[in-house]
Trainee: 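Sharing a structure below in structure tokens format, with a few things to ask.
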Amino acid sequence: ENEEDADVFFKVKRTKVPAHKLILKMNAPILFGFCDRNDKGSTIAITNTAPTIFRIILRFYGGDVPDTTTILDKDNGKSIIDAANRYGVVGLKLAVETILVESLLITKSNVSDWLLFADAKMCPLLKEQAVSYFVARAGDLLKEESSKKLKESPKLMEELMLEISNSATNDTRFSNTGRNMSVNELRKKLDEKGLDVDGSKEIMLSRLESSNKRQRSE
């Protein structure tokens, strides 16, 4: 982030952030696209990301992953994932999601917020953890005022009710299918095949099933 070496500048809110086009071209095609559409030497305005979060995005290309304290401070974890989605920085998104799952304290008061966030931002590992917490305490949580906001997403509510029902009846219909696979297991299988590991669990399952079908037909 040395201004003397930089050949492109972003204006994030009121903060001037230096960067290097070559690094952006190699690692951040979306951000490099902003450079390509602007006149040489001009400052590129970024209006929907805080300066601290945008710097984290740029530093990631130099191998710097934010630490747990930074991620858990305020809503930084959510903000980083949101920005990583916006700029296509999948590696950073997955790294932050993993740190949240390992370090985040999910409680009765915040589980609904994390469920909605994880579902909206396609963070299946985080969603898996939040769903597990919710299902284990469903009897109490469904009575909580905070759970009413889950009605914002009928699809998510339907998923939760299905998980609660399956848990109560010990339904094992999917025990021998990929749908019973954990997110970590699913991502590992996709990675072994050289496939994209980003997206919701449903998207990743579809990706894996399509790959398996192609292999069987060859």
Side-chain angles (χ1 to χ4, degrees), residues 1-3 6 8-20 23-24 27-35 43-134 141 144 146-147 149-150 152-153 156 183-184 187 196-201 203-204:
E1 292 187 10
N2 189 326
E3 289 198 18
V8 63
F9 292 88
F10 293 93
K11 186 176 183 182
V12 190
K13 302 295 175 66
R14 297 182 179 180
T15 303
K16 189 177 182 182
V17 181
H20 299 84
I23 294 176
L24 295 178
N27 301 285
I30 292 177
L31 289 177
F32 180 73
F34 294 165
C35 305
T43 300
I44 302 160
I46 299 292
T47 59
N48 49 12
T49 305
T52 52
I53 302 302
F54 193 75
R55 287 184 186 276
I56 287 172
I57 294 286
L58 294 182
R59 287 171 182 159
F60 179 74
Y61 298 125
D64 185 8
V65 177
D67 58 29
T68 302
T69 302
T70 299
I71 290 170
L72 295 180
D73 184 34
K74 300 177 183 177
D75 275 334
N76 278 350
K78 289 182 178 180
S79 298
I80 295 168
I81 287 174
D82 186 51
N85 268 340
R86 184 179 302 121
Y87 302 122
V89 193
V90 175
L92 177 60
K93 173 188 174 181
L94 298 183
V96 172
E97 182 188 15
T98 299
I99 291 172
L100 282 174
V101 167
E102 292 173 349
S103 309
L104 181 67
L105 179 62
I106 292 183
T107 65
K108 288 183 178 181
S109 61
N110 70 17
V111 64
S112 295
D113 288 329
W114 282 111
L115 278 167
L116 288 166
F117 175 81
D119 187 58
K121 303 300 178 182
M122 291 196 288
C123 297
L125 191 62
L126 182 57
K127 182 179 176 180
E128 185 177 69
Q129 184 186 50
V131 167
S132 178
Y133 181 96
F134 193 97
L141 285 171
E144 293 282 328
S146 59
S147 293
K149 64 181 67 177
L150 291 172
E152 296 172 14
S153 176
L156 176 59
V183 171
N184 276 329
R187 282 179 170 166
D196 186 6
V197 296
D198 190 25
S200 67
K201 187 173 183 179
I203 289 172
M204 291 194 294

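Sequential numbering from 1 along the given sequence is applied to the chain's residues.
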Trainee: Side-chain contact, heavy-atom cut-off 4.5 Å: Lys127 with Leu156?
Mentor: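 Heavy-atom side-chain distance check passes, below 4.5 Å.
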
Trainee: If every non-hydrogen atom of Ala83 is compared with every non-hydrogen atom of Ile53, which pair is closest and at what distance?
Mentor: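 Residues Ala83 and Ile53, closest heavy atoms: CB-CG2, 3.8 Å.
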
Trainee: Please walk me through it: do Met122 and Ile203 pass side chain to side chain contact (heavy atoms under 4.5 Å, CB included)?
Mentor: CA-CA 9 Å; Met122 291 196 288; Ile203 289 172; 3.7 Å; yes

Trainee: Contact between Met204 and Pro124 at the side-chain level, heavy atoms closer than 4.5 Å - yes or no?
Mentor: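 Yes, their side chains come closer than 4.5 Å.
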
Trainee: Please report the interatomic distance CG(Leu126) to NZ(Lys93), rounded to the nearest 0.5 Å.
Mentor: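 Interatomic distance, Leu126 CG to Lys93 NZ, rounded to 0.5 Å: 10.5 Å.
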
Trainee: Quick one, Phe34 and Leu24 - any side-chain contact, counting heavy atoms below 4.5 Å?
Mentor: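 They are not in contact (no side-chain heavy atoms under 4.5 Å apart), so the answer is no.
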
Trainee: Can you confirm whether the side chains of Thr107 and Tyr133 place a donor and an acceptor under 3.5 Å from each other?
Mentor: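 There is no such pair between these side chains.
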
Trainee: Give the minimum heavy-atom separation between Pro66 and Ile71, together with the two atoms involved.
Mentor: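 Taking Pro66 first and Ile71 second, the nearest heavy atoms are O-CD1, 3.6 Å.
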
Trainee: Kindly compute the distance separating CD1 (Ile80) from CG (Asp75), expressed to the nearest 0.5 Å.
Mentor: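 The CD1 atom of Ile80 sits 11.0 Å away from the CG atom of Asp75.
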
Trainee: When you measure from the side chain of Thr49 to the backbone N and O of Phe54, does any donor-acceptor pair fall under 3.5 Å?
Mentor: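 Judged by distance alone, no pair lies under 3.5 Å.
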
Trainee: What's the spacing between Ile57 CD1 and Phe60 CZ if we round to 0.5 Å?
Mentor: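 Rounded to the nearest 0.5 Å, the CD1-CZ separation comes out at 8.5 Å.
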
Trainee: If you measure from CG on Leu58 to CG on Asp64, what distance do you get to the nearest 0.5 Å?
Mentor: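 Rounded to the nearest 0.5 Å, the CG-CG separation comes out at 11.0 Å.
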
Trainee: The test is side chain to side chain contact (heavy atoms under 4.5 Å, CB included); show your working for Tyr61 and Val89 and say whether it passes.
Mentor: CA-CA 9 Å; Tyr61 298 125; Val89 193; 3.1 Å; yes

Trainee: For the residue pair Ser153 and Leu116, what are the closest heavy atoms and their distance?
Mentor: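 In terms of heavy atoms, the two residues are closest at CB-CD2, 4.0 Å.
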
Trainee: Atom CG of Asn85 and atom CG of Asp198: how far apart are they, to the nearest 0.5 Å?
Mentor: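 Here the interatomic distance stands at 6.5 Å.
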
Trainee: After noting the C-alpha distance and the side-chain angles of Phe117 and Ile81, does the key distance pass the side chain to side chain contact (heavy atoms under 4.5 Å, CB included) rule?
Mentor: CA-CA 10 Å; Phe117 175 81; Ile81 287 174; 3.9 Å; yes

Trainee: Taking the side chain as every heavy atom from C-beta outward, state whether Asp113 and Lys149 have any atom pair closer than 4.5 Å.
Mentor: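 Yes, their side chains come closer than 4.5 Å.
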
Trainee: Is there a side-chain contact between Asn110 and Leu105, using heavy atoms and a 4.5 Å cut-off?
Mentor: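 No. Closest side-chain heavy atoms not under 4.5 Å.
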
Trainee: Does a donor on one side chain and an acceptor on the other come within less than 3.5 Å for Thr70 and Asp67?
Mentor: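 Asp67 and Thr70 do have a side-chain donor-acceptor pair below 3.5 Å.
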
Trainee: With distance as the sole test, does Glu144 use its side chain to make a donor-acceptor pair with the main-chain N or O of Ser109 at under 3.5 Å?
Mentor: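 No, Glu144 side chain to Ser109 backbone: no donor-acceptor pair under 3.5 Å.
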
Trainee: Any idea which heavy atoms bring Val96 and Gly77 closest together, and the distance?
Mentor: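 Residues Val96 and Gly77, closest heavy atoms: CG1-O, 3.9 Å.
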
Trainee: Does this structure show an ion pair linking Glu128 with Arg187, if we count only N-O contacts that are shorter than 4.0 Å?
Mentor: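 No salt bridge links Glu128 with Arg187.
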
Trainee: Minimum heavy-atom separation for Ile30 and Gly88, please, with both atom names.
Mentor: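 Shortest heavy-atom separation between Ile30 and Gly88 comes out as CD1-N, 3.7 Å.
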
Trainee: Going from CZ on Phe10 to OG1 on Thr15, what distance comes out if it is rounded to the nearest 0.5 angstrom?
Mentor: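 With rounding to 0.5 Å, CZ (Phe10) is 14.0 Å from OG1 (Thr15).
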
Trainee: If you compare all heavy atoms of Gln129 against all heavy atoms of Leu100, which two are closest, and at what distance to 0.1 Å?
Mentor: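 Closest heavy-atom pair between Gln129 and Leu100: OE1-O, 4.4 Å.
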
Trainee: Check whether NZ of the Lys or CZ of the Arg Lys78 lies under 6.0 Å from the centre of the six-membered ring of Trp114 and within 45 degrees of that ring's axis.
Mentor: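 Lys78 over Trp114 ring: yes.
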
